[in-house]
Amino acid sequence: HLARRNMPFGALFGEVARRPRLFLTVNAVLYGAFFFFACLAPAVPVANMRLNGLVASEFQDGSLSYVGEAYAGGEVLKAAGATFLHNFGVATVLFTFLPSLLIPFAGAFKTALSFSLVGFAMAPIWTGMASGFSFHCITMVLELEAYIVASFAVILLPVYVLLGLSKGPFGAHLLSGLRLFGSAVITTAVMLAVAALYEAATLILRSEERRV
């Protein structure tokens, strides 16, 4: 049991086992936001169209153009690397984990906003959209669950700090919170790496099939 706890994933999995209700609640809240805004999209199709246009422009000429260029090049590993760089390096580390070290729960609130926007943007309300999800749904499940894992960790870190301040010993509680935090970073990295490789392979191979 001690060896398992010391494994890179052990702190996270152990915490999920100890707090299953909290983990399920985080899943329910974030997926709830995703599906609520996906169901809202048909009522405001113009807003959905504009948001999708904004997203497309980001991949073409904006801050995500390096991802679009990687996919346009048709190299799976290069596209997977660009996807991983954004999903893990930017969306997870820079905008979820790091802010949460300074502002409690910041990463969880950011993730809730992201789930809402993604649900709204990806609602299959336009002709041909649903067919593209046959492969992409697997990518989405891996990516979204990785962001949920990150949110679970950033929610618990300030909880451990408060427990240390109120019940003590502070150092032991802080160390437990940081172990969970580090375990979540490693776990999300693995999940998002697998998702990025799968997404790059399926999108590029499907694109080549269409050309043929």
Side-chain angles (χ1 to χ4, degrees), residues 7-9 11-12 26-27 30-31 33-34 51-103 105-122 129 132-155 157 178-208 210:
M7 288 174 63
F9 312 107
L12 172 66
V26 175
N27 274 268
L30 292 177
Y31 272 116
F34 178 90
L51 179 58
N52 277 297
L54 178 62
V55 172
S57 67
E58 284 294 306
F59 280 97
Q60 292 172 0
D61 306 308
S63 60
L64 296 175
S65 59
Y66 68 95
V67 179
E69 291 171 1
Y71 277 89
E75 297 181 23
V76 172
L77 291 180
K78 185 176 180 180
T83 301
F84 179 76
L85 176 61
H86 174 263
N87 289 349
F88 178 70
V90 178
T92 308
V93 174
L94 187 60
F95 290 146
T96 303
F97 284 123
L98 291 182
S100 301
L101 292 174
L102 301 175
I103 305 172
F105 313 115
F109 286 115
K110 171 267 171 188
T111 303
L113 177 60
S114 297
F115 269 60
S116 301
L117 290 174
V118 170
F120 186 79
M122 299 195 71
M129 283 189 69
F133 292 157
S134 55
F135 289 99
H136 193 62
C137 63
I138 297 176
T139 304
M140 288 179 61
V141 168
L142 283 171
E143 290 179 350
L144 294 180
E145 196 59 37
Y147 301 143
I148 288 171
V149 165
S151 296
F152 178 72
V154 302
I155 287 171
L157 180 60
L178 292 175
R179 281 176 178 168
L180 167 64
F181 205 82
S183 181
V185 171
I186 295 171
T187 303
T188 55
V190 172
M191 295 175 71
L192 291 173
V194 173
L197 184 60
Y198 177 84
E199 181 175 21
T202 53
L203 289 180
I204 290 174
L205 291 176
R206 288 188 68 197
S207 177
E208 290 178 352
R210 289 171 184 171

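What you are looking at is a predicted structure, and each value in this text was computed from that prediction instead of being measured. Values below: all heavy atoms of this structure, side chains included; hydrogens, waters and symmetry mates excluded.
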- Task: Sorted by first residue and then second, give each side chain to side chain donor-acceptor pair (under 3.5 Å) pair with at least one member in residues 55-64; sequence neighbours left out.
- Result: Glu58-Ser63

- Task: Kindly state each residue pair satisfying side chain to side chain donor-acceptor pair (under 3.5 Å) with at least one member in residues 75-85, sequence neighbours excluded.
- Result: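 Side chain to side chain donor-acceptor pair (under 3.5 Å) check on residues 75-85 returns Tyr71-Thr83.
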
Just verifying a value: how many Å separate [X] [atom1] and [Y] [atom2], rounded to the nearest 0.5 Å?
X: Leu64; Y: Phe59; atom1: CG; atom2: CZ; value: 5.0 Å
X: Leu142; Y: Ile138; atom1: CG; atom2: CD1; value: 8.0 Å
X: Lys110; Y: Ile103; atom1: NZ; atom2: CD1; value: 14.0 Å
X: Ser114; Y: Leu144; atom1: OG; atom2: CG; value: 10.0 Å

Using every non-hydrogen atom in the two residues, find where [X] and [Y] come nearest and quote the distance to one decimal.
X: Ile204; Y: Gly74; result: CG2-O, 3.6 Å
X: Ser151; Y: Ala108; result: OG-CA, 4.0 Å
X: Ile155; Y: Phe105; result: O-CE2, 3.3 Å
X: Leu192; Y: Asn87; result: CD1-O, 3.6 Å
X: Pro8; Y: Ile186; result: CB-CD1, 3.9 Å

- Query: Phe152 pairs by side-chain contact (heavy atoms from CB on, under 4.5 Å) with which of Asn27, Leu30, Leu12, Thr111?
  - Reply: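 It is Leu12, the one option of Asn27, Leu30, Leu12, Thr111 that forms the side-chain contact (heavy atoms from CB on, under 4.5 Å) with Phe152.
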
Which residues pass the ring-ring contact (aromatic ring centres under 6.0 Å, His included) test with [X], not counting sequence neighbours?
X: Tyr147; answer: none
X: Tyr198; answer: none
X: Phe115; answer: none

Go through the structure and list residues passing side chain to side chain donor-acceptor pair (under 3.5 Å) with [X], not counting sequence neighbours.
X: Thr188; answer: none
X: Glu199; answer: none
X: Thr92; answer: none

- Please examine the side chains of Phe88 and Val190, heavy atoms only from C-beta on, and report whether any two atoms are closer than 4.5 Å. no

With [X], which residues qualify under side-chain contact (heavy atoms from CB on, under 4.5 Å), at least two apart?
X: Ser116; answer: Ala33, Phe37
X: Ala82; answer: Tyr66, Val67, Ala70
X: Leu77; answer: Leu197

Give every donor-acceptor pair under 3.5 Å between a side-chain atom in residues 94-102 and any protein atom, sequence neighbours left out.
unit_1: Thr96; atom_1: OG1; unit_2: Ala91; atom_2: O; d: 2.8
unit_1: Ser100; atom_1: OG; unit_2: Thr96; atom_2: O; d: 2.7
unit_1: Ser100; atom_1: OG; unit_2: Gly107; atom_2: N; d: 2.9

- Message: Check this for me: Phe109, atom CZ, are more than 12 non-hydrogen atoms of other residues, nucleotides or ligands nearer than 6.0 Å?
- Response: no

